[in-house]
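Okay, so here's the structure we're looking at.
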Amino acid sequence: MSHSIKNRIFKIENDSEFNSLALEIFQFQAKENQVYKEYISYLGIDPQKIARIENIPFLPIQFFKSRKVVSGNHETECEFSSSGTSGLGTSFHYISDLSIYEESFLKSFQLFYGDPKKFHILALLPSYLEKSGSSLIYMVNELIEKSGSNYSGFYLDEHEKLIKNLQFLKNRNDRKIILLGVSFALLDLIENAPIDLSNVILMETGGMKGKREEITRKELHQVLCNGFNVPFVHSEYGMTELLSQAFSAGGGVFKSPPWMKILIRDPYNPFGYLEKGRSGGINIIDLANIYSCSFIETQDLGRKIDANQFEVLGRFDNSDIRGCNLLVD
């Protein structure tokens with residue numbers, strides 16, 4: 001994969017540029033990714049005849065649990081692994097170039113929120129901190145460092161310290177404040193040490209991690225809004241198998257960055273796609289995944305609203321619940 005293609009990923013400005021680069025990356029991965037190459041062969045598809053992104057075959061996400069999904073012969077810099085809360089297997093994402101992930105989440109954050117230096121970023125992610133290999137922890141840690149705030153950081157179960165710092169920062173009012181947390185930890189905070197978070201950006205990353213009974217996102221957000229006195233809750237949609245994230249600033253509507261595209265597949269025809277407004281399986285094109293696979297068939301259910309906006313409605317039956325934003329809605 002040439003550096004020129006790699007450098008174009010985060011400079012995409014329109015659909016034409018996205019589609020052109022997606023097709024180039026597909027041809028590279030169809031040749032250099034052994035797992036993807038085998039899958040395409042089993043489908044009886046000739047990669048050279050693929051001329052539209054809608055005709056690109058998407059690799060079922062389950063392959064990340066059983067195979068090493070890599071493109072090219074680069075050395076692995078690190079491995080990200082899923083939470084594996086269901087006990088049905090852990091996904092592994094072998095990262096050949098961490099700088100791509102770093103550029104992806106930093107540019108996404110800047111696109112949707114702005115410069116991290118303008119924020120105090122406080123994270124309540126106990127279950128992720130207790131397990132190594134979390135891509136979410138890596139991202140949040142980097143954003144915390146880039147914020148340059150002495151108050152930014154991880155607060156494991158330190159509710160008293162967290163509340164004290166939040167109250168101090170609200171009164172100080174020198175920067176915007178983000179409190180980012182896994183769902184069960186935010187609910188625990190409400191029950192053990194409730195606090196008024198008006199004027200704070202409250203962001204949930206989903207997942208009860210087996211700590212609580214799963215509830216719908218709508219129910220979760222209602223409890224969080226009432227408990228913290230916020231008008232709405234922000235959300236992050238990402239997963240171990242991807243190097244890009246989508247964000248929601250309330251209302252359950254996610255926006256994806258220019259190098260990430262969502263397609264909604266027909267549940268009764270995995271190679272057919274639905275028009276916006278109709279519900280089906282979420283397929284993701286993540287061009288940042290150039291050294292693994294950029295074309296992922298997830299087990300999530302969703303609905304497309306427009307070119308870069310979508311909703312996550314839940315998961316297909318009998319699929320394990322991952323530690324991301326996948327509450328049944």
Side-chain angles (χ1 to χ4, degrees), residues 1-13 17-40 47 53 56 58-59 61 63-83 90-112 116 128 131-146 236-247 256-261 284-298 322 324:
M1 174 62 64
S2 70
H3 288 290
S4 63
I5 293 180
K6 173 182 167 182
N7 293 336
R8 285 160 52 196
I9 292 173
F10 303 112
K11 297 179 181 178
I12 291 172
E13 295 184 351
E17 291 179 0
F18 180 94
N19 295 345
S20 176
L21 187 53
L23 289 169
E24 287 185 56
I25 291 175
F26 165 69
Q27 293 298 335
F28 163 71
Q29 294 180 345
K31 180 180 179 181
E32 299 294 335
N33 185 316
Q34 188 60 36
V35 175
Y36 192 37
K37 182 178 181 180
E38 290 178 17
Y39 180 67
I40 293 171
I53 62 171
I56 292 174
F58 284 71
L59 185 71
I61 201 166
F63 278 100
F64 284 83
K65 294 181 179 180
S66 59
R67 302 287 298 275
K68 188 174 182 178
V69 182
V70 295
S71 295
N73 298 313
H74 307 276
E75 292 186 6
T76 299
E77 287 191 19
C78 77
E79 298 175 13
F80 290 137
S81 58
S82 64
S83 55
T90 299
S91 292
F92 290 93
H93 194 175
Y94 300 90
I95 309 301
S96 300
D97 190 343
L98 266 172
S99 68
I100 296 176
Y101 182 44
E102 293 168 356
E103 187 169 4
S104 178
F105 66 66
L106 181 58
K107 286 187 179 296
S108 285
F109 188 89
Q110 292 170 333
L111 176 65
F112 295 116
Y128 291 94
K131 181 182 181 299
S132 62
S134 166
S135 57
L136 176 63
I137 291 296
Y138 188 93
M139 176 183 74
V140 175
N141 185 64
E142 289 294 310
L143 292 174
I144 284 171
E145 290 189 5
K146 291 184 183 302
E236 179 261 351
Y237 177 79
M239 55 189 71
T240 299
E241 300 85 355
L242 302 177
L243 291 184
S244 299
Q245 307 79 31
F247 291 94
S256 56
W259 56 90
M260 178 183 183
K261 188 181 287 290
I284 299 177
I285 300 178
D286 179 8
L287 299 186
N289 261 13
I290 54 175
Y291 294 126
S292 55
C293 184
S294 293
F295 312 95
I296 305 297
E297 176 190 294
T298 79
R322 76 177 69 254
C324 301

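Here the structure is a predicted model, which is why all the values come from computation and not from measurement. The figures here come from the full heavy-atom set of this structure, side chains too, leaving out hydrogens, waters and symmetry mates. For the single chain, residues carry numbers from 1 onward in sequence order.
One distance of note links CD1 of Ile285 with CZ of Phe18; it measures 4.5 Å at 0.5 Å rounding. Note: Ile9 CD1 to Ile25 CD1 = 4.5 Å, rounded to the nearest 0.5 Å. Interatomic distance, Leu111 CG to Leu106 CG, rounded to the nearest 0.5 Å: 11.0 Å.
The backbone N or O of Leu243 lies less than 3.5 Å from a partner atom in the side chain of Asp286, making a donor-acceptor pair. With Gln29 contributing its side chain and Ser294 its backbone, the two residues share a donor-acceptor pair below 3.5 Å. Asn33 contributes a side-chain N or O that, together with a main-chain N or O of Ser292, makes up a donor-acceptor pair within less than 3.5 Å. Counting only distance, with no hydrogens or angles, the side chain of Ser244 and the backbone of Met260 share no donor-acceptor pair below 3.5 Å. Between the side chain of His74 and the backbone N or O of Ser96, no donor-acceptor pair lies under 3.5 Å. Although no hydrogens or angles enter the test, the distance criterion places a donor-acceptor pair under 3.5 Å between the side chain of Ser108 and the main chain of Ser104. A donor-acceptor pair under 3.5 Å is formed between the side chain of Ser134 and the backbone N or O of Leu136.
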Does the pair Phe105 and Phe109 meet the rule for a ring pair (Phe, Tyr, Trp, His ring centres under 6.0 Å), with working shown? CA-CA 6 Å; Phe105 66 66; Phe109 188 89; 9.2 Å; no
Applying side-chain hydrogen bond (donor to acceptor under 3.5 Å, both in side chains) to Ser91 and Glu241, what does each step give before you reach the verdict? CA-CA 7 Å; Ser91 292; Glu241 300 85 355; 2.8 Å; yes
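Tested against Tyr36, the residues Leu59, Val70, Val69 include a single side-chain contact (heavy atoms from CB on, under 4.5 Å) partner, Leu59. Of the residues Glu17, Glu13, Glu24, the one that meets the salt bridge (Lys or Arg N to Asp or Glu O under 4.0 Å) test with Arg8 is Glu24.
Counting only heavy atoms from C-beta outward, the side chains of Met139 and Glu236 approach each other to under 4.5 Å. Between Tyr291 and Asp97, some side-chain heavy-atom pair lies under the 4.5 Å cut-off. You'll find the side chain of Glu297 stays beyond 4.5 Å of the side chain of Ile284, heavy atoms only.
Note: Phe92 and Phe80 fail the aromatic proximity criterion, with ring centroids not under 6.0 Å apart. Ring centroids of Trp259 and Phe10 are separated by less than 6.0 Å, placing the two rings close together.
Here Asn141 pairs with Glu145, Phe154 under the side chain to side chain contact (heavy atoms under 4.5 Å, CB included) rule; sequence neighbours left out. Residues forming a side chain to side chain contact (heavy atoms under 4.5 Å, CB included) with Ala30 (at least two apart in sequence, or on another chain): Phe26, Ile40, Pro47. Residues passing the side-chain hydrogen bond (donor to acceptor under 3.5 Å, both in side chains) test with Ser66: none are found, sequence neighbours excluded.
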